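This one's a predicted model, so the numbers in the text were calculated from it and none came from an experiment.
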Amino acid sequence: MSLSFRLLGEEEKGAALAEAVRSVAAGKSDARVFEVAPESFVQVTGAPFAYWVSEGVRRVFVSLPSFEAGRRVARRGPSTCDDYRYLRCWWEETSLGHGLGTWQHFAKGGVYAPFYSDIHLLVDWEPRRQTFLGFFGRPGREIERPESVDHFFRPGLTWPRRSQRGLGLRAMPAGCIFADKGPAAFVADDDPQVLLALLALTNSGAFRALVSLQMAFGSYEVGVIQRTPVPELSDDAQHHLAGLARRAWSLKRSLDNAEVTSHAFVLPALLQAEGGALAERAAARVESVAKMGVALSQVQAEIDERCFDLYGFAAEDRAAALGAIGAGTLADDAGAEVAADGDGQAREVGVGSARKAEDEDAEGMISVAKAPELVAQLFDWLAGVAFGRFDVRLATGERVPPPEPEPFDPLPACSPGMLTGDAGLPLDRPPAGYPLPFPEDGVLVDDAGHPRDMAAAVRAGLEVALGAGAEEAWQEASALLGVEPRAWLARGLFEHHLWAHSKSRRRAPICWQLATPSASYSVWLYAHRLGPDTFFRVLGDFVSPKVQHEERRLTALVQSAGPSPTASQRQEVAEQEALVAELRAFRDEVARIAPLWRPD
């Protein structure tokens, strides 16, 4: 037998060690002291020096079959070797195919998100060669077909290979390719009930504790998962665990119903919450997210209890396992309304702010359930409605969202909240009876009184969505945003939109703002309707007429002021001269770009 001392939680380790040694010498028990036979360590794969767990936990590795046994497999995915070339965010594409290749959903790890996380990336795939389009490996290591290609497009479980918050497996829908940073696990016959039961088990405190015994913190390699013991499940246990996993998946997915870049998006949070005023709706959202966190913690506790029983963990082993992995992280995710990008960039939300941490291992996002940010999300959605991207009829009840899919159903081409036709693809013109017009050429302007005015289009969408409450909401939005909505749309919308549409180090806005330096005038373009003549149309139909109008107004102001203008008249003329100078420079820049613009 050998004695080991565990002092990780002690600040003064020298003093703590001396105290523990005195306890041993006096024959007293001490929770920091462990007496273990060294030969016991060989029961755990790799024989780690796991002195702090009981003999019963170590024995599990020899008494139960490993994960990679029977009807389960875990596999590492490939690297594209050039993500910038091969990957896109899903909202960048108007369809899932072009030329020789087709865009396929790509699970690339991401952040700690047990049970559910949306897959926001696409990869360029060539079906004929069964490889990435134009892919031949990397210099010096040429290959034609990527690793694990035989398991592509199967439903399964995936997880981020690197994570400082712990192991977290989630459902991977059918039709996906998985990456080296996002390994995947599969079961025979792709049985969804077996997959859901395995999802619950692998997110249990027992399984995560067994994984942690075998590895260095933060790197969840495929081999570790393959070697971890898994108990045999009776039909009753499988049914129970599958139901719990389905419940956790549904709760977490419901948060994404308000995320505009999610495949689950339906409506912004403020339009899903009960209440009259925007602040009341925001408070209701905070309360509903908190309740969801409680529900998730209850589901996690039930999963842990059932799986501890299946593994045969004693009471002290259960407490030690939960303490080691940090119980309650699933509920914490819901309470914080976690949503982070696919490579682990943490995002701190602020109205018109895009502050980001570039730490590869920073995972999660502070709460977005705050009134100003929720108002910003609402106006971002309204801008999408103005361009015809989102369907305002979901807010009025004229259209009902589809039922919730199953966890392993293939991802849709468009989210339920988008304006689509019978084929489920985006529309480029309003359908019959649609309550709002939108620009078929994808151009709006920030120009009060213009028939294509962005602020007027946003206001019209708000009136359809809220009816008689639109005027009050517009005024309340001014107070919550700190500026009048027109000013926020001109100076705050694009930054917010850019932040919301940037993931995996990819900045992928689909509403583009072209503006003068002071944002006194803007042209807004919807990326999916741009064509070769877009900038010529912007120049001829919008910018040049605007310059001419403001030049005429300047001439009228100068003539009205006369030879002896007042101070206020001089100020007005100076402001108009500055505006005209900005507009002329803007016009010249658009004229320079127009012949160079060759979109594919």
As an exercise, state the distance from [atom1] of [X] to [atom2] of [Y], rounded to the nearest 0.5 Å.
| X | Y | atom1 | atom2 | answer |
| --- | --- | --- | --- | --- |
| T80 | K108 | OG1 | NZ | 8.0 Å |
| E221 | R161 | CD | CZ | 5.0 Å |
| I510 | F387 | CD1 | CZ | 9.5 Å |
| L244 | L201 | CG | CG | 11.5 Å |
| F106 | D83 | CZ | CG | 6.5 Å |
| E406 | S250 | CD | OG | 9.5 Å |

If we only count heavy atoms from C-beta on, is the [X] to [Y] side-chain gap below 4.5 Å?
| X | Y | value |
| --- | --- | --- |
| R285 | L270 | no |
| P412 | H263 | yes |
| P146 | F132 | yes |
| L271 | W381 | yes |
| P407 | L196 | yes |
| I225 | L167 | yes |
| L122 | H105 | yes |
| T158 | R170 | yes |

Would you confirm whether [X], through its side chain, and [Y], through its main-chain N or O, come within 3.5 Å as a donor-acceptor pair?
| X | Y | answer |
| --- | --- | --- |
| W159 | Y220 | yes |
| Q272 | L267 | yes |
| R154 | V187 | yes |
| E404 | R253 | no |
| T228 | L210 | no |
| N203 | L199 | yes |
| T420 | P426 | no |
| K252 | P114 | yes |
| H528 | W91 | yes |
| S234 | A237 | yes |

Lys/Arg N to Asp/Glu carboxylate O, D309 vs R318, below 4.0 Å: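 So D309 pairs with R318 through a salt bridge.
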Side-chain ion pair, R306 and D236, N-O less than 4.0 Å: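 Salt bridge flag = yes for D236 with R306.
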For [X] versus [Y], what's the shortest heavy-atom pair and its separation?
| X | Y | answer |
| --- | --- | --- |
| L310 | L241 | CD1-CD1, 3.9 Å |
| G424 | C414 | O-SG, 3.6 Å |
| D409 | P173 | O-CB, 3.1 Å |
| Y116 | D256 | OH-OD2, 2.8 Å |
| L394 | P416 | CD1-O, 3.5 Å |
| G166 | R208 | CA-NH2, 4.4 Å |

No-hydrogen, no-angle side-chain donor-acceptor test under 3.5 Å, S504 and H120: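 There is such a pair (donor and acceptor under 3.5 Å, judged by atom type) between the side chains of S504 and H120.
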Donor-acceptor pair between E373 and H496 side chains, under 3.5 angstrom: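 A pair is found: one side chain offers a donor N or O, the other an acceptor, under 3.5 Å apart.
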Pair F390-V260, side-chain contact (heavy atoms from CB on, under 4.5 Å): steps then yes or no: CA-CA 9 Å; F390 298 119; V260 293; 4.1 Å; yes
Plane angle bin for F186 and H151 - parallel if under 30°, tilted between 30 and 60°, otherwise perpendicular: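 It falls in the parallel class, under 30°.
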Parallel, tilted or perpendicular: rings of F153 and W125 (30°, 60°):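 Perpendicular, since the angle between the ring planes exceeds 60°.
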Stepwise side-chain contact (heavy atoms from CB on, under 4.5 Å) test for R393 and L419: CA-CA 9 Å; R393 295 173 298 183; L419 181 61; 3.7 Å; yes
Within 45° cone and under 6.0 Å: R506 NZ/CZ vs Y84 ring: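 Verdict for Y84: a cation-pi partner in R506.
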Cationic tip of R72 above F67 ring, under 6.0 Å, 45° of axis: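 Because its charged atom sits under 6.0 Å from the ring centre and within 45° of the axis, R72 does stack over F67.
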CA sep, side-chain torsions, deciding dist, call: D118, W90, side-chain contact (heavy atoms from CB on, under 4.5 Å): CA-CA 11 Å; D118 190 39; W90 76 267; 4.1 Å; yes
E274 CD: over 12 foreign heavy atoms closer than 6.0 Å: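 Incorrect, the count does not exceed 12.
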Over 12 non-hydrogen atoms of neighbours within 6.0 angstrom of CZ in R247: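 Check fails, neighbour count at 12 or below.
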Residue pair H239, Q193: steps toward the side-chain contact (heavy atoms from CB on, under 4.5 Å) verdict: CA-CA 7 Å; H239 179 76; Q193 283 295 106; 4.2 Å; yes
Counterpart residues, salt bridge (charged side-chain N to carboxylate O under 4.0 Å, His left out), relative to R76 (two or more places apart):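 Checked R76 against salt bridge (charged side-chain N to carboxylate O under 4.0 Å, His left out); matches are E147.
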